[in-house]
Amino acid sequence: MDAGPDIETPHKHHHTGSRWLDIALGVIAISISLFSAALAVQNGKAMDRMVEANSWPDVIATYQPGDAEGHALYKLSLQNNGVGPARVKTLNISYKGRPVASLHDLITQVAQDAGGVQLRRVGESGAYRVIPARQSVDILIVQEPFSSPEMVQAFLKAAPKIDTSVCYCSIFNECWTSGDDEPKPVKVCRGKGLIP
């Protein structure tokens with residue numbers, strides 16, 4: 001004789017026999033769940049900060065008065081000492097405390113202050129919108145034979161009067177400005193500066 005289909009009996013919740021103990025165990029289980037969720041959120045934020053820290057750029061303007069062989073030159077560069085790429089938003093250069101409109105304007109002013117020295121070809125670069133980590137980009141190079149010896153000396157003499165500030169951002173749109181001091185965080189980079 002066939003016993004027929006098995007009929008499932010509804011699952012009974014196990015109780016401890018004490019109402020207060022059952023409530024306490026429920027509260028503990030919910031508390032552990034909430035604590036775990038909060039810990040997961042904090043861990044996610046910490047991971048986000050870690051990723052941002054591993055992509056942090058650090059851009060400074062550098063000035064080089066000579067090359068490896070000891071020849072005089074004036075070289076102005078933007079150097080990214082950070083661990084992530086930098087997107088350069090604005091580059092501002094001032095000469096004797098006044099902003100210059102362009103690199104050509106800077107070259108002209110320095111030449112005029114040196115008694116109108118001869119202007120020959122000077123290396124200029126506008127390709128500095130993105131600077132990879134641990135690399136530098138030359139902005140202005142004044143050296144022989146492209147520039148006259150007088151022009152090189154004029155720039156070496158003018159170097160202390162040339163100030164540079166740059167505003168740059170990480171790939172996560174965190175932005176900083178840097179000049180003579182430590183980079184300062186800013187919400188956005190304002191203005192155009194010399195960016196072509």
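The one candidate from Val166, Asp58, Leu78 that meets the side-chain contact (heavy atoms from CB on, under 4.5 Å) condition with Ser178 is Val166.
No side-chain donor-acceptor contact under 3.5 Å links Arg87 to the backbone of Val130. Between the side chain of Asn80 and the backbone N or O of Gly84 there is at least one donor-acceptor pair closer than 3.5 Å. Ser94 places no side-chain N or O within donor-acceptor distance of the main-chain N or O of Gly97, the cut-off being under 3.5 Å.
For a disulfide, the SG atoms of both cysteines must be under 2.5 angstrom apart; this fails for Cys175 and Cys167.
Taking 4.0 Å as the cut-off between side-chain N and carboxylate O, Lys96 and Asp113 count as a salt-bridged pair.
Counting heavy atoms from C-beta outward, Cys169 and Cys189 have side chains that approach closer than 4.5 Å. Looking only at side-chain heavy atoms (C-beta outward), Pro65 and Leu73 stay at 4.5 Å or farther from each other. Contact check for Pro99 versus Ile93: no side-chain heavy atoms found under the 4.5 Å cut-off. Between Ile28 and Ser31 there is no side-chain heavy-atom pair separated by less than 4.5 Å. Considering only heavy atoms from C-beta on, Ile60 stays 4.5 Å or farther from Thr164 through its side chain. Two residues are said to be in side-chain contact when any heavy atoms from C-beta on lie closer than 4.5 Å; Phe155 and Ile107 meet this criterion. Side chains of Gln79 and Val59 form no contact here, defined as non-hydrogen atoms less than 4.5 Å apart. Between Tyr168 and Leu91, the closest side-chain pair of non-hydrogen atoms is not below 4.5 Å.
The nearest pair of heavy atoms linking Ala133 to Val83 is CB-C, 3.6 Å. Here the closest non-hydrogen pair linking Arg190 and Thr90 is O-CG2, 3.5 Å. Closest of all the heavy-atom pairs between Tyr95 and Leu106 is CB-CD1, 3.8 Å. Closest heavy-atom contact between Ser147 and Val152: CB-CG2, 4.3 Å.
Between the OH atom of Tyr74 and the CD1 atom of Ile141 there is a distance of 11.5 Å, given to the nearest 0.5 Å. Annotation: the span from Ser148 atom OG to Gln143 atom CD amounts to 12.5 Å, rounded to 0.5 Å. Taking CD from Glu144 and CD from Glu150, the interatomic distance works out to 8.0 Å, rounded to the nearest 0.5 Å. Taken from CD1 in Ile139 to OG1 in Thr62, the straight-line distance is 9.0 Å, to the nearest 0.5 Å. The structure places CD1 of Ile162 at 9.5 Å from CD of Gln109, a figure rounded to the nearest 0.5 Å.
Within a 6.0 Å sphere centred on NZ of Lys184, heavy atoms belonging to other residues, nucleotides or ligands number 12 at most.
Using a 30° and 60° split on the angle between ring planes, Trp176 and Trp56 fall in the perpendicular class, above 60°.
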